[in-house]
Every structure is written in C-alpha cells, then in structure tokens.
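Throughout, a chain's letter reflects where its sequence line sits, starting with A, and its residues are numbered from 1.
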Amino acid sequence: MATSQTRTTERLTVADRVELLRYMLEMRGIEQRAMTLYRQGQVPGSFYDGFGQEAVSAGSAFAMAAEDRLCILHRDLAAHLIRGVDAERVFAQYMGRCSGLTDGRDGNVHFGDRRLGCVGMVSMLPDMMLVAVGMAMAFRMRGEQRCALTWLGDGSTSRGDCHEAMNWAGLQRLPVIFILENNQYAYSTPTTKQYAIDPVQRAAGYGFPGVSVDGNDVEAMFAATLEARERAIEGGGPTLIAAETMRMHGHAAHDDMAYVPNELVDHWRGRDPIELQERRLVDLGVDVERLRAEVARTLEGALVRAREHPMPAPSSARDGVFCEGEAEALGDGLARWSGYA
Amino acid sequence: MPQLTYLQAISEALREEMRSDERVFVMGEDIATYGGAFKVTEGLEAEFGSDRVRDTPMAEAAIIGAAIGAAVVGLRPVCEMQFSDFVACCFDQLVNVAGKMHYRQGLAVPIVLRLPSGGGFSGGPFHSQNPEAWLMHAPGLKVLAPSTPADAKGLLIAAIRDPNPVCFLEHKNLYRRIRGEVPAGLYETPMTARVARDGDDMVVITYGGMVWSALEATEDLEGAKIRVLDLRSLVPLDEDAILQAVRECGKVVIVDEANATCAAGAQVSSLIADRGFEFLDGPIRRVATPDVPIAFSPILEQALLPQIDDIAETCRELLAY
C-alpha cells in the first residue's frame, strides 16, 4: 500500500523527519488539551478532532510550497500548523475568542488563515474540492507553477460536488491534489454503506492517477503528495491520493462511537502514526522524549496565553458580512520542507 | 448617446470591463463558442480567447465553486447561469461558501453571477423563475435587478468591481424588447433606487421586468400622478428612497414578478409597515405571482404572472381608498 520508502528517505533530511513528528505531536497535543477544555465547558458547541489521523495532514501539507493554496478540513489541524498558524491562536479559536482566525464567528477547525494561503472549510466538506479546482484553474490561466490541495472524506465521495470537481480537474488537467482521507466512517456510516467500489479507482475514469497510501505513515503521505505536486506543476494534471486511516475518536466529542467494532479500533491502535514515526527516529538516534517535552511545554504556554485573548465584543456580531474595502487575495504560507529552503 | 438594447448593454459592460481589467473573465455553459443561450457573450471569445471566455462542463455547483477559488487567488470571475432557475443547483456553493466567507474569515469573494430570470414566454416551471428572494435571504450576497439598458451596464460594471459575491438578475423579457440610451465607456451605477417616473398621488415600488409593466399600467390612470420607484438593487435595499417615496406619496403598491411569499416586495412592505406607517394614507397593496410554479401554456402563465391590468386595477382600488 505504501509508496516507495527509498524515495521518501532520499528527499527528507533527518531534521525534516523530526519536524514531521513535531507537527503530529503538536496536533495531538492541541486537540487533547482542547478536548479537556471542551469538557470543562470552555469550548462551546461540540469538538472534533483528528486523533490517529495526524499523518494525513502533516505529511501532505509538508510537501506544499509557500505559493500553493490549501483548503483544510476539520481533521487536518497539522496543515494549519505547517502553514504557520500557532497553537495559541488555535486554542483561542476553539474557545470562541479573538484569534485573528475567525474571531468567534466560526468554531472548531472551521478556519483558514487567508494570509497563509488557506481557505477555511465549510461543513459541506466536498464543497471545498470545487474551490480548490477554481484556484488551480486560476494558476493555469496565469501560467503559474503553483498547486492547490484539498482534503475530502470518505463520505464526501458520495456527493455530486466530488464528481463535478474531479471531472472538471481531469478535463482541464489542473494542478490540484485531492487527498481522500478515508477514516472508515462518515459519522456513523461505514464505507460499506458509502460506495460499491474503492473511490481511488474513480480517478482513472476522470483521466488522472489515483494512488492508495498508508495514511498513518507521515513520510509516505509526504512522498505521495510531493510526487503529485511535481506532476501538477509540470502540467501533468491532478492526482487523487487515498489516505487509508482510521478515525480513532467519535465524530465529535459527544459521540461514543459504539457503532465501531472494538477489533477495528484495536487494529488501528497498533498502527498509531505518531508511534510509527517515533520508532523510525529512535532508530536514527533522535531524542524523541526531549521533543515530546518541548512540544508539551510550548503548548502549555500557548494555552495560558490563549485564555487571555479577549472574547469578541457583542457589538461586533453584525460586522463584516460584506467586504467594504479592496478584495485581498490569499497570501503565501510557510513552506517547511528543506527542499524549498 | 448610442441606443442599445438591454442585452447589448450587458454585453458591452462585459466587453469593456474585460478590456480594462485583465483579471476579469467569464465562464458558463455554452457561453464561448456558441455565445450563450441568449447570445449575451457572443463575440467575446473571438476578442479575448477561450481562456478568458470559458465554456464549462454542465455543472452549476462547479461553476460557482471554481469561481470562488479563482476569486480568492486574485481573479474576477463573471459566471452565467444559463437560466436563473439553475441557481438551485449551486445554491450550496453560493450560500454556504461564497456568502459566509468574508464574515467567517475576512476573505473577500469578488464574483458575479449573471442570472437570466423571469417569465412571459412559455418557458415553463424551470425557465421562468425569479429567484431573488432565495438569494436575498442568504447573508453575504448582493442582489441586483436592473430594468434599463443604462442601469444594466452600469450595475454590471459596479458588480464586477465589487469585492463581494453579487447576483445580477437580468430579465429575459427585457433583453431585446427594451432599448435605451447607454453612455459610452466605463461607469458604475450606484446600488440604490431610481425614480422611473415622478408623481405624488401614489407610488408603485418594483424592480426588473415589472418596472415596465408598472410604467405602462400607471401611465394614464384617471389623471393620477403616480410615481414608479425602480429599486435596482434588492441587497442592499435603498430603505431611504422607499421611505421617502411613501412619505411623499402616501399610497403604495408593491409589484413582484416573483412568487409572493417572502418576496422582495414582502420585505419592502414590512419595512414600510415598520418605519413608514404614519405616512400611509391606505393599506399597503401587493401584486405578485401566487405561490405556484410558472405554468407553460400562455393562458395559464398569464393567469399567474402579474399583468398590466392587474397592476392598474390594484392602483385604481387604492386610489379610490
């Protein structure tokens, strides 16, 4: 299932591989703390996390260049961190405080920092596939060597937008990457009730490659995305990457996921993406414990500061429905991979 | 000043704005090689090429979604729904993605959606609708509905330059029927109401195709001086102009070609009841299409859409009140 490991290690330095682990640890650390905040009543609404899926967003976002553009979904927090959003703002966002992300207008991971080249998701997830297609179309029209990337879920594959996006992207050979984050369940609905045939096979029908990747292997995700990106900017068109993974928590905090067989959870628990990357790095002599402690310290500090962010003023609730000034296009994010240095 | 049809004025706005701003491009179904179902975009592909005048797959959600994507990376897409009825197919993109983007994250979505709308030619239930109320109800969308060639050109240019998603309703029944003076060159028409004909015995408030029906219905009505207020823009709604007209005229008839419930006219009526009550010399009267799909057979269609006689009769009743 995984793409070539030889190729992966050739393109990643040890420092890169440590960074990939760091982003996964940060994502998990932020979401675990946020879940506690939710239970303490400090995160309104519900809370959604990507526990067990950290490799999907970390590996793929790490392969993207500063000038690329991303539509990031709710189990892809690591992508935000890689683009340059820090933990403090994420905590403030979860609590509905002023964060510079949505300032309380939307919750959870429903945000994208426009200055970092990210479009915030809507709850109708495959909508974002079409937005990514439009960004890629604009890149093509202007003759730019840039790429758009969006994630989608296994449930998204049933929606018409998914078809419209893949058809349009294939037809115009657009520089866009679709990452199907197959975490086996759309809320309580298993993939067996979602589709008859593995959706990765659909890519061929739209005229572009579809590849299955071990979504719990962050380096495999990086390698597959990098390859797709290189093909895209060379004019080779889109790629569908099916990242096989597992949603290890309920759909949201309220969901005990009693509908998931225990054996399935046990199977995937043995394939934790963070533990996998830690084992690799320990073999390379990296002090993983130190990294963990460092991340924990960073997050504790971020949380303390986030609590000091003000709540939005009630008088601001009606502001900003319309843009009153000039329309500003998305800015560039950070490109973390050493290959872009 | 050159005389243009409503349709020619829209074409000219597209052409001139595309000449002046290379970020502007148009896309839609059958709009490039074929020139569009109504030929609004005819000749544009020859001048600007197939990259800026794009035939799309038959996928309305994709048209809006792709426009949003192109807009947030710096382009200025102008999309055509072949008929406004098909906006239902891309409603999610429009309402949930485009309309809420700036409020949620400060990201502007400068797109224009051209919507050939309205009935009167046996288009039937899927080629005759007036979907403006659907759009008005969704926060974050501007909704324009010009009635004259000059306003169609100026409002379309204003829409393209606006940093927000703008739904531009162009009434199909005006395309070739209405001709008028249109200033040459680039200009923006403000998104405010206009007095189509002055008067102070009564005001008929309407927009789009019904402006012409209202003018004809009230041209010679028992010698009464009847003002016709052409809203031009539904979002933003020119509340000051509406209240001023009520204050100066005292009697109000509101005409929608759209289905009556929650129509633009219902909003105008509510505004007047709320903030113009003391100016009224009679009940607020409405003329609108009943809440029925637009029927195909001409005799049925005419029984549904507001006719000139319906408007005249309502005005007569109110004058006598």
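Ranked by heavy-atom pairs under 4.5 Å with chain B, the list A/Ala136, A/Ala138, A/Gly331 is led by A/Ala138. Between chain B and the residues A/Val133, A/Val122, A/Val119, A/Val131, the most heavy-atom pairs under 4.5 angstrom are made by A/Val131. Interface remark: of the candidates B/Ala71, B/Gly99, B/Gly106, B/Pro77, B/Gly106 forms the most heavy-atom pairs closer than 4.5 Å to chain A. In terms of heavy-atom pairs under 4.5 angstrom with chain A, the leader among B/Gly74, B/Gly140, B/Ala62, B/Ala70 is B/Ala62. Comparing B/Gly69, B/Pro57, B/Pro139 by heavy-atom pairs within less than 4.5 Å of chain A, the highest count is held by B/Gly69.
Applying the ring-ring contact (aromatic ring centres under 6.0 Å, His included) test to B/Phe83 and every residue at least two apart in sequence or in another chain returns B/Phe38, B/His127. Under the side chain to side chain donor-acceptor pair (under 3.5 Å) criterion, B/Arg15 pairs with no residue at all, not counting sequence neighbours.
When heavy atoms are compared at a cutoff of 4.5 Å, B/Ile64 does not approach chain A at all. Only the side chain of A/Met137 comes within less than 4.5 Å of a heavy atom in chain B; its backbone stays farther off. B/Met101 touches chain A through its side chain: at least one heavy atom from C-beta onward sits under 4.5 Å away, while N, CA, C and O do not. When heavy atoms are compared at a cutoff of 4.5 Å, A/Leu330 approaches chain B by way of both its backbone and its side chain. Both the backbone and the side chain of A/Phe322 come within contact range of chain B, each with at least one heavy atom under 4.5 Å from a heavy atom of that chain. In this structure, chain A has a heavy atom under 4.5 Å from the side chain of B/Val235, while its backbone stays farther away.
Scanning all heavy atoms of the two residues, the minimum distance from B/Pro163 to A/Cys323 falls at CG-O, 3.4 Å.
The environment of A/Met311 atom CE is dense: over 12 non-hydrogen atoms of other residues, nucleotides or ligands sit within 6.0 angstrom.
Listed by first and then second residue, the salt bridge (Lys or Arg N to Asp or Glu O under 4.0 Å) pairs that reach into residues 63-73 of chain B come to none, sequence neighbours excluded.
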Distance-only check: which donor-acceptor pairs of chain B and chain A lie under 3.5 Å?
unit_1   : atom_1 : unit_2   : atom_2 : d
B/Arg54  : NH2    : A/Gln172 : OE1    : 3.0
B/Ala61  : N      : A/Glu164 : OE1    : 3.4
B/Ala62  : N      : A/Glu164 : OE1    : 2.7
B/Val72  : O      : A/Leu330 : N      : 2.9
B/Val73  : O      : A/Arg142 : NH1    : 2.8
B/Val73  : O      : A/Arg142 : NH2    : 2.8
B/Asp92  : OD2    : A/Arg159 : NH2    : 3.2
B/Gln93  : NE2    : A/Asp127 : O      : 3.1
B/His102 : ND1    : A/Gly320 : O      : 2.7
B/Tyr103 : N      : A/Gly320 : O      : 3.3
B/Tyr103 : O      : A/Arg105 : NH1    : 3.0
B/Tyr103 : OH     : A/Ala317 : O      : 2.6
B/Arg104 : NE     : A/Asp106 : OD2    : 2.7
B/Arg104 : NH2    : A/Asp106 : OD2    : 3.1
B/Arg104 : NH2    : A/Met121 : O      : 2.4
B/Gln105 : OE1    : A/Gly112 : N      : 3.2
B/Gln105 : OE1    : A/Gly120 : N      : 3.0
B/Gly106 : O      : A/Arg114 : NE     : 2.9
B/Asn164 : OD1    : A/Cys323 : N      : 2.7
B/Asn164 : ND2    : A/Cys323 : O      : 3.0

